[in-house]
Every structure is written in C-alpha cells, then in structure tokens.
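Below is one structure, written out as structure tokens; the observations come after it.
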Protein chains: 2
Amino acid sequence: MKATAQILKEKGLKVTPQRIAVYNMLLNTTEHPNAETIYKALEPTNPTMSLATVYKTLDYFKQLGLVQELNVGEGSSRYDAVVKCHPHTVCIQCGKVRDLYLEELTEIHKKIAEELDFEVRCEQLILYGICGKCRRENNENS
Amino acid sequence: MKATAQILKEKGLKVTPQRIAVYNMLLNTTEHPNAETIYKALEPTNPTMSLATVYKTLDYFKQLGLVQELNVGEGSSRYDAVVKCHPHTVCIQCGKVRDLYLEELTEIHKKIAEELDFEVRCEQLILYGICGKCRRENNENS
DNA sequence: TATTAAATAAAAATAATTATCATTTAGGGG
DNA sequence: CCCCTAAATGATAATTATTTTTATTTAATA
Ligand SMILES: [Mn+2]
Ligand SMILES: [Mn+2]
Ligand SMILES: [Zn+2]
Ligand SMILES: [Zn+2]
C-alpha cells in the first residue's frame, strides 16, 4: 500500500497535513462521509483545520481522481476513496450507504451500454431500500 | 388521459391554478427540469406565482407520489412526472438528462436484488457519458 | 353567499458550498 | 540549513438552493 504523501506527490499536489488527514480518513472508512462528517472526524487530531479546507481538498481530490463524489439525494454530497464506478445501497431507514460489488451487474451494464447511442463513461447504480439490520429490527418490534 | 384537476383531487389536494400549472408542465416535458426551470417556464402564464410555491408544490407532489425527485450530481434537484423507477442517461457535455427504458435491465436488477440482504424499494441507475448528438458534433470538429 | 381551513406570495431564515483575502507554509534553490 | 515564493490554509463573507414564516388570498363546502 502506497503512502498517502507519495500518492499526493504523484498527483502534483503539495503534501500538507490537512490533505493527508482527509485522504487517510477516506481510505479508512466505508461510511461514505460528507464534508461535515470528515471535518468533525478530523477535529480532534487537527483542531485548526477549517471546513473550507476540507471542501477545497475534496474538490482537488475529485479533479485528480483521488475520490469520487456521491449524491444519494440528501442535502449534501458524500465522498468515496474508491474511485472506480461501483453500485451502492442506501437504507431509507437508517441512512447507511454501502458498497455493492457485483461483477455480474457491471458486465451486464457494459453490454447494454454498447447498444445505446450514448458513450458511457461511468454508471451509477443506487439501490434504495431497507437494509438487513433494519429489516430484522422491524420484525422484532411487530 | 385523466384531467390534472381530477388527479389532484384524488390525491386529496386542493385544486389550485399553481398546482395544475406545475403538474401539467412536468407532464409535458422530458427535460427533467429543476424548480427554477419550472418557475421560469410558468412565469409568462402565471406571473404572480412564487418560487416558494413551486418548491412547496413539488414537495407535496413528491410525498403523494405524483413526481419523483432526481439528483444527478448538480447543485439542484430535477423533477420527473414519471414516478416509476427508471434509468437515466446524463450527458456530461451538454447536460441533457434522458429517460432510458430497458425492461431487460429492470429484470436483471430485480433478480440480483433478490440475492442481497437488502429489501430493494427503488433502483436508480444513472449512466454518465456523451450523448449521440454531442459525440457526432465532437467528431465534426476534429 | 359566507365561512374557514388551507394555499399563496413575499420575505426572512437556513444549510451547503464557494469565493475572498490576509496569513502561513511546503518545497526548491542557494 | 535558510530564504524565497507560489501555493495552501483559516477565517469570514458571499452565494446558491431550499425551507420557514407570516400576512393575505382563495378553494371548497355548507
Ligand atoms: Mn462506495
Ligand atoms: Mn425520467
Ligand atoms: Zn438500515
Ligand atoms: Zn450531449
């Protein structure tokens, strides 16, 4: 696993504690946090960092393909250090956003995309519904 | 085709010129407009309508299943009078958002959804890429 | 037609994001 | 290692999309 500083350098970015912190935070979570959540998570270790820097950092990262932005219909965008297109599930009860790796799906999409008069660059599939945990909890209380 | 006033009445909504105008506008377009666009489109015929009313109307409609909200990663939400889950293409060059009806895809998603520990309520597929028109124009200029 | 609860318009408030700008800092050259 | 400078940061203001508030108007129904 490449060191974060090295990755930033390769992208032509100056290596700053703030950028390292944001990128590492995203590498170490599957939560798909938004800017505010990232900011809060880093506050204890980086008490001087500002929210504006988080936003600007995420914007740079996005341009350079270090993160992807994800909007699942909330007020704010979420961010993901996994930049390859991949599907997500969104629980409409607890709000959890999870990755969904299904090679099968990807291949099918690719095939179908070929049949369209449309050059597909990225496909975003979001499944909205009730996650297993919430469904089980619902059953207990009924 | 049912009259708009009748549809609103059946949903338990008071029938107002503003609501009729918004719903008809959405029924007669495939553009997936946002609130601002709807407001501007209705301005000539409904010069006194306010943007807040458009927002509130869209919110009611959404709750009652008359429209669906769609976020393709822009600053604002788009709205669609086609409430059944269906895929969209988004041209990253001209910004056009189009419907994509592929029964094949829907069925495949359904089957895959069954295999997950997740109760799928709605699936949103967005294909980002270059539309046919833009691609042809790009080829001409090269 | 009179009543009234609900809807509207206008304006203020809020939330997310972006821009501005003075200060600080990373990183290359000496 | 220290200096220099362009770039990054933090603080704050501005912007944009959306929601809330409230006084006024209106649709529905008796
Ligand atoms: Mn993900
Ligand atoms: Mn549509
Ligand atoms: Zn859940
Ligand atoms: Zn296009």
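Within every chain, numbering begins at 1; the chains are lettered A, B, ... in the order of the sequence lines, protein sequences first and strands thereafter.
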Open item on the list: Between B/Y23 (side chain only) and B/V67 (backbone N and O only), is there a donor and an acceptor less than 3.5 Å apart?
Closed with: no
Task: Interatomic distance, A/I20 CD1 vs C/dT25 P [rounded to whole Å] - done: 15 Å
- [ ] Spell out, as yes or no, whether a donor-acceptor pair under 3.5 Å connects the side chain of A/T57 to the backbone of A/T53.
- [x] yes
Open item on the list: Is A/R19 close enough to D/dT9 that one of its side-chain N or O atoms is under 4.0 Å from OP1 or OP2 there?
Closed with: yes
Open item on the list: I need the CZ-P distance between B/F61 and C/dA7, as an integer number of Å.
Closed with: 11 Å
TODO: Write down the distance between OH (A/Y60) and P (C/dT18), rounded to a whole number of angstrom.
DONE: 13 Å
Task: Candidate nucleotides D/dT18, C/dT8, D/dG10, ranked by approach to the side chain of B/K56 - the nearest - done: C/dT8
Open item on the list: If you only use heavy atoms from C-beta on, which nucleotide in C/dA26, C/dA9, D/dA27 is closest to the side chain of B/K14?
Closed with: D/dA27
Open item on the list: Just the rounded figure in Å: distance from P of D/dT19 to CG of B/N34.
Closed with: 13 Å
- [ ] Answer yes or no: is there a donor N or O on one side and an acceptor on the other, between the side chain of A/N138 and the main chain of A/C134, under 3.5 Å?
- [x] yes
Task: B/S50 side chain near C/dA9 phosphate (N/O to OP1/OP2, under 4.0 Å) - done: yes
Open item on the list: For A/E137, is there an ion pair with A/K133 - N to carboxylate O distance below 4.0 angstrom?
Closed with: yes
Task: Side chain B/R78, main chain B/E31, donor-acceptor under 3.5 Å - done: yes
Open item on the list: The side chain of B/T48 is closest to which nucleotide in this list: D/dA28, C/dG27, C/dA9?
Closed with: C/dA9
Task: Distance, rounded to the nearest Å, where A/E36 contributes CD and C/dT18 contributes C1' - done: 15 Å
Open item on the list: Please determine whether a side-chain nitrogen or oxygen atom of B/Y55 lies at a distance below 4.0 Å from atom OP1 or OP2 of D/dT20.
Closed with: no
Open item on the list: Taking 4.0 Å as the cut-off, does a side-chain nitrogen or oxygen of A/S77 come that near to OP1 or OP2 on C/dT17?
Closed with: yes
Open item on the list: Applying a 4.0 Å non-hydrogen cut-off, can you work out what B/S76 is touching in the nucleic acid: base, sugar-phosphate, or nothing?
Closed with: sugar-phosphate
Open item on the list: At less than 4.0 Å, is any side-chain N or O atom of B/T16 found next to OP1 or OP2 of C/dA7? Yes or no.
Closed with: no
Open item on the list: Is the phosphate of D/dG10 approached by A/Q18 (side-chain N or O, under 4.0 Å from OP1 or OP2)?
Closed with: yes
- [ ] By nearest nucleotide on DNA chain D, pick out whichever of B/E69 and B/L13 is the more 5' one.
- [x] B/E69
Task: Nearest-angstrom distance from the residue atom CG of A/L51 to C1' of C/dT17 - done: 9 Å
- [ ] Say whether, by atom type as modelled, one donor and one acceptor occur between the side chain of A/Q68 and the main chain of A/K84 under 3.5 angstrom.
- [x] yes
- [ ] Looking at every strand, decide which applies to B/Y39 at a 4.0 Å heavy-atom threshold: base, sugar-phosphate, or nothing.
- [x] nothing
Task: Nearest-nucleotide pick for A/P17, side chain only, options being C/dA26, D/dA27, D/dT9 - done: C/dA26
- [ ] Let me know the distance between CD of A/Q63 and P of D/dA8, rounded to the nearest Å.
- [x] 13 Å
Open item on the list: What is the distance, to the nearest angstrom, from the CE atom on A/M49 to the P atom on C/dT23?
Closed with: 22 Å
